[in-house]
Amino acid sequence: MTTLVYYAVIVTMDDRFPIIEDCIYLNHAALAPLPRPVANAVIELVEQSCRHGSRHYSRWLLTEQRCRRLAAQLINAPSADDIALLKNTSEGLSTVAAGIGLQAGDNLVIPAQEFPSNWLPWQHLAERNGAVLRQVDIRAGSDPEAALLNAMDDRTRVLAVSAVQYSDGLRLDLATLGKACAGQPACFCVDAIQQLGALPLDVQACHIDCLSASAHKWLLGPEGIALFYVREELRKQLSLQQYGWSMLDDKFNFDRDDWQPSASARRYEAGSPNNLGIAGLHASLTLLLEEGLDSISAQVLDNTHYLTGQIDDLEGFEVLSPRRSGRQSGIVTFRHQGTNSGSLYKKLMQADVFSALRGDAIRWSPHFYTPRQDLERALQLVKKLTA
Ligand SMILES: Cc1ncc(COP(=O)(O)O)c(C=O)c1O
C-alpha cells in the first residue's frame, strides 16, 4: 500500500518544478520560483562566462534574438522588432510616460487602486505638464470598462490599466478598451504582469499600443528582465529618454560619426543587455509556449474556480475576487471574519504555505502546475487555523 501511494506521488510530480517538493507555493502573483529548465539556462550562462569569458557571446546574441521572437509570439505582436527587453514593468511604463508629451489641460485615465508602477509614472507626468490624472473606481458598478471609458474625453492622451488587478485578480476586458481607444488620440497602455504566462493576451486583437511586463511572476522567469511592446506607429511619437550604443541597429560599429536610433523597439534599450535575465526569460517562454497558453490558462482558471468554490463553502469566509468568468484570473483573495489576516498570513508562512497579504486579506496565486493536493492541504490548514 505504502509503495502504491509513493508511486502515485512520484508519477504526478513534475520534475520541471522542484518547488513542489519543498513547500506549497501559492504566490506566483508576487514572485515565481524558477522552474528547473529556467534555472539551468541561467546557470549554464554563468558557467560559460566563468570559464570562457566572452567566448560564447555570439550564442548569447542568438538567444536574445530568439527571446524577442518568443515574446512577440506570446502576445501576438506583428514582429520581434516591436519588443524591447527592459529591466522591469515600471521601466516600460515610465518610458511611455516620459516620452508621450502632453499639453496643459490634457488628461490621463487609470483605474483607482492600481499597483504603484501603473500610477506613479502617470501622476508625475500629469504634475509636470499641468494635466489631470483621472483615477476611476472600477469596482463601484458592474461594468469597469464603461466606468473607464466614461471618464475619457477628447483631451485624454493615455488610458493605462493593469490587465489583471494585483489585489483581487479582477481581469479587465482589454479588447473593449482597446477598440474604444483605436483611432482616438488616447494611447492604450497595459501593465500585463499579472496576466502574461497565466492567461493568453493578443496585443493586435486588443488594439494595445504598448505593454510592459516583468518576467518574475506568471512568466516564471528571473527578476530584472521584462518585455516591453510598443506598436510601430507609437514608436514614431514616443520621444527617447535614454541614450547608448545598444539603441542603434549596427550596434557594434563604435566608430561611426552619425547615428540614428533603431526603428525597432530596441531604441528603448540604451546599453548592455541583461544576458543572464534574457537566458532565463528565453527558457521560461520556451516552457510556457511548449505547454501552450490555452492549456495553461484552463488549469489556472480551474484552480481559481476550485479555490473560490471551496472557500465559499467554509463558514465565516469571504472571497474578495470576482466570480464572473471573464473577470477571473489566477488570483484568489479572501479573508475570515473572526481572524486577523496578518496573523493568518504569518501562520500560513510558518507552515510553508507561501501566500501574500494584500490589504486585510490573504492572496493566493497557484500556477498551472500546482498540484490539486497542495490546494486541498492549504484549504485544510486555513480551516484549522481559523476554527
Ligand atoms: C500590477 C503590477 N504591476 C507591476 C508590478 C511590479 O512592477 P516591476 O516589474 O516594475 O517590479 C507588480 C508587482 O507586484 C504588479 O502587481
Side-chain angles (χ1 to χ4, degrees), residues 23-33 89-90 110-120 123 133 135-144 147-148 161-172 191 193-195 198 214 216-218 300-301 303-325 327-367 370 374-387:
C23 63
I24 297 182
Y25 202 88
L26 308 179
N27 204 19
H28 295 85
L31 182 67
T89 320
S90 308
I110 64 170
Q113 294 151 2
E114 275 281 338
F115 192 79
S117 305
N118 190 37
W119 153 52
L120 292 173
Q123 189 180 56
L133 180 63
Q135 294 177 270
V136 178
D137 185 354
I138 54 172
R139 293 177 182 86
S142 59
D143 192 341
L148 288 162
V161 301
S162 287
V164 167
Q165 292 287 310
Y166 80 100
S167 55
D168 61 0
L170 172 68
R171 182 180 180 185
L172 292 183
D191 171 343
I193 195 170
Q194 296 292 4
Q195 173 147 343
S214 285
H216 63 265
K217 299 187 191 284
W218 303 93
V300 165
L301 291 173
N303 288 337
T304 297
H305 293 148
Y306 173 74
L307 286 175
T308 306
Q310 294 289 314
I311 297 170
D312 269 342
D313 287 346
L314 295 178
E315 191 70 30
F317 279 84
E318 183 189 6
V319 175
L320 306 176
S321 297
R323 314 305 177 108
R324 276 161 54 202
S325 69
R327 292 292 179 207
Q328 290 184 313
S329 64
I331 290 175
V332 178
T333 306
F334 63 94
R335 62 185 168 215
H336 181 256
Q337 272 168 12
T339 311
N340 175 282
S341 293
S343 63
L344 178 57
Y345 164 75
K346 278 191 199 137
K347 287 178 189 158
L348 285 168
M349 294 298 284
Q350 278 158 10
D352 270 354
V353 176
F354 278 77
S355 313
L357 180 66
R358 291 294 178 267
D360 183 29
I362 302 293
R363 184 183 73 181
W364 278 351
S365 48
H367 212 316
T370 309
D374 282 7
L375 302 186
E376 287 163 7
R377 282 165 55 205
L379 286 164
Q380 285 304 325
L381 183 65
V382 153
K383 218 163 120 183
K384 203 169 115 196
L385 293 172
T386 53

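Values below: every heavy atom of this structure, side chains too, minus hydrogens, waters and symmetry copies. One-based numbering along the sequence shown.
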**Student:** Nearest 0.5 angstrom please: Asp360 CG to Tyr345 OH, how far?
**Tutor:** 14.0 Å
**Student:** Do you know the tightest heavy-atom contact between Ser162 and Leu172?
**Tutor:**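 Heavy atoms of Ser162 and Leu172 come nearest at O-CD1, 3.7 Å.
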**Student:** Using side-chain heavy atoms (C-beta onward) and a distance below 4.5 Å, is Tyr306 in contact with Val332?
**Tutor:**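 With C-beta onward as the side chain, the pair stays apart.
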**Student:** If you compare all heavy atoms of Ile331 against all heavy atoms of Thr333, which two are closest, and at what distance to 0.1 Å?
**Tutor:** CG2-OG1, 3.5 Å
**Student:** What pairs of residues pass the salt bridge (Lys or Arg N to Asp or Glu O under 4.0 Å) test when at least one of them lies in residues 331-354, not counting sequence neighbours?
**Tutor:**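 The answer is Glu318-Arg335.
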**Student:** At what distance, to the nearest 0.5 angstrom, does OG of Ser343 lie from CG of Leu385?
**Tutor:**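 Rounded to the nearest 0.5 Å, the OG-CG separation comes out at 9.0 Å.
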**Student:** Can you pull the salt bridge (Lys or Arg N to Asp or Glu O under 4.0 Å) pairs that have at least one residue in residues 110-120, sequence neighbours excluded?
**Tutor:** none
**Student:** With sequence neighbours excluded, what pairs up with Asp137 under the salt bridge (charged side-chain N to carboxylate O under 4.0 Å, His left out) test?
**Tutor:** none
**Student:** Using a 3.5 Å distance criterion without hydrogens, assess whether the side chain of Asp374 forms a donor-acceptor pair with backbone atoms of Tyr25.
**Tutor:** no
**Student:** Between Trp218 and His367, is a side-chain contact (heavy atoms from CB on, under 4.5 Å) present by the stated rule, with each step listed?
**Tutor:** CA-CA 7 Å; Trp218 303 93; His367 212 316; 3.7 Å; yes
**Student:** If you round to the nearest 0.5 Å, how far is CH2 of Trp364 from CG of Leu375?
**Tutor:** 8.0 Å
**Student:** So, taking the atom named CG in Leu133 and the one named CD1 in Ile110, what distance separates them when rounded to the nearest 0.5 Å?
**Tutor:**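 If I round to the nearest 0.5 Å, the distance is 4.5 Å.
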**Student:** Got a second to check how far Arg171's CZ is from Arg327's CZ, nearest 0.5 Å?
**Tutor:** 9.5 Å
**Student:** Tell me whether Ser117 contacts the main-chain N or O of Ser90 through its side chain, where contact means a donor paired with an acceptor under 3.5 Å.
**Tutor:** no
**Student:** Please report the closest heavy-atom contact between Pro366 and Gly330, naming both atoms and the distance.
**Tutor:**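 Smallest heavy-atom distance, with atoms named: CD-O, 3.9 Å.
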**Student:** Can you sort out the partners of Asp168 under side-chain hydrogen bond (donor to acceptor under 3.5 Å, both in side chains), two or more places apart, ordered by chain and number?
**Tutor:**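 Partners of Asp168 under the side-chain hydrogen bond (donor to acceptor under 3.5 Å, both in side chains) test: Arg139.
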**Student:** In chain order, what residues pass the side chain to side chain contact (heavy atoms under 4.5 Å, CB included) check against Ala30, with sequence neighbours excluded?
**Tutor:**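 So Ala30 forms a side chain to side chain contact (heavy atoms under 4.5 Å, CB included) with Asn27, Arg358, Arg363.
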**Student:** By the definition side-chain contact (heavy atoms from CB on, under 4.5 Å), identify the one residue from Thr308, Leu307, Leu314 that meets it with Val319.
**Tutor:**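 Single side-chain contact (heavy atoms from CB on, under 4.5 Å) partner of Val319 among Thr308, Leu307, Leu314: Thr308.
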**Student:** Do you know which two heavy atoms are closest between Pro111 and Ile138, and how far apart they sit?
**Tutor:** CB-CD1, 3.8 Å
**Student:** Return the set of residues passing salt bridge (charged side-chain N to carboxylate O under 4.0 Å, His left out) with Glu376 (not counting sequence neighbours), or none when no residue passes.
**Tutor:** none
**Student:** Measure from the side-chain N and O atoms of His28 to the backbone N and O of Ser365, and report whether any donor-acceptor pair falls under 3.5 Å.
**Tutor:**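 Such a contact is found between His28 side chain and Ser365 backbone.
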**Student:** Can you tell me how far the NE2 atom of His336 sits from the CD1 atom of Ile362, to the nearest 0.5 Å?
**Tutor:** 12.0 Å
**Student:** Assess whether side-chain contact (heavy atoms from CB on, under 4.5 Å) is satisfied between Leu357 and Ser341, documenting all intermediate values.
**Tutor:** CA-CA 7 Å; Leu357 180 66; Ser341 293; 3.8 Å; yes
**Student:** Backbone N or O of Thr89 within a donor-acceptor pair of the Ser214 side chain at under 3.5 Å?
**Tutor:** yes
**Student:** For a side-chain contact (heavy atoms from CB on, under 4.5 Å) check, start with the C-alpha distance between Ile193 and Phe115, then their side-chain angles and the critical distance, and finish with the verdict.
**Tutor:** CA-CA 11 Å; Ile193 195 170; Phe115 192 79; over 6 Å; no
**Student:** Taking the side chain as every heavy atom from C-beta outward, state whether Trp119 and Asp191 have any pair of such atoms under 4.5 Å apart.
**Tutor:** no
**Student:** Give a yes or no answer on whether the side chain of Ser355 reaches the backbone of Val353 with a donor-acceptor pair at less than 3.5 Å.
**Tutor:** yes
**Student:** So does Gly169 get a backbone contact from the side chain of Gln194, meaning a donor-acceptor N/O pair under 3.5 Å?
**Tutor:**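 Side chain of Gln194 to backbone of Gly169, a donor-acceptor pair under 3.5 Å: no, none is there.
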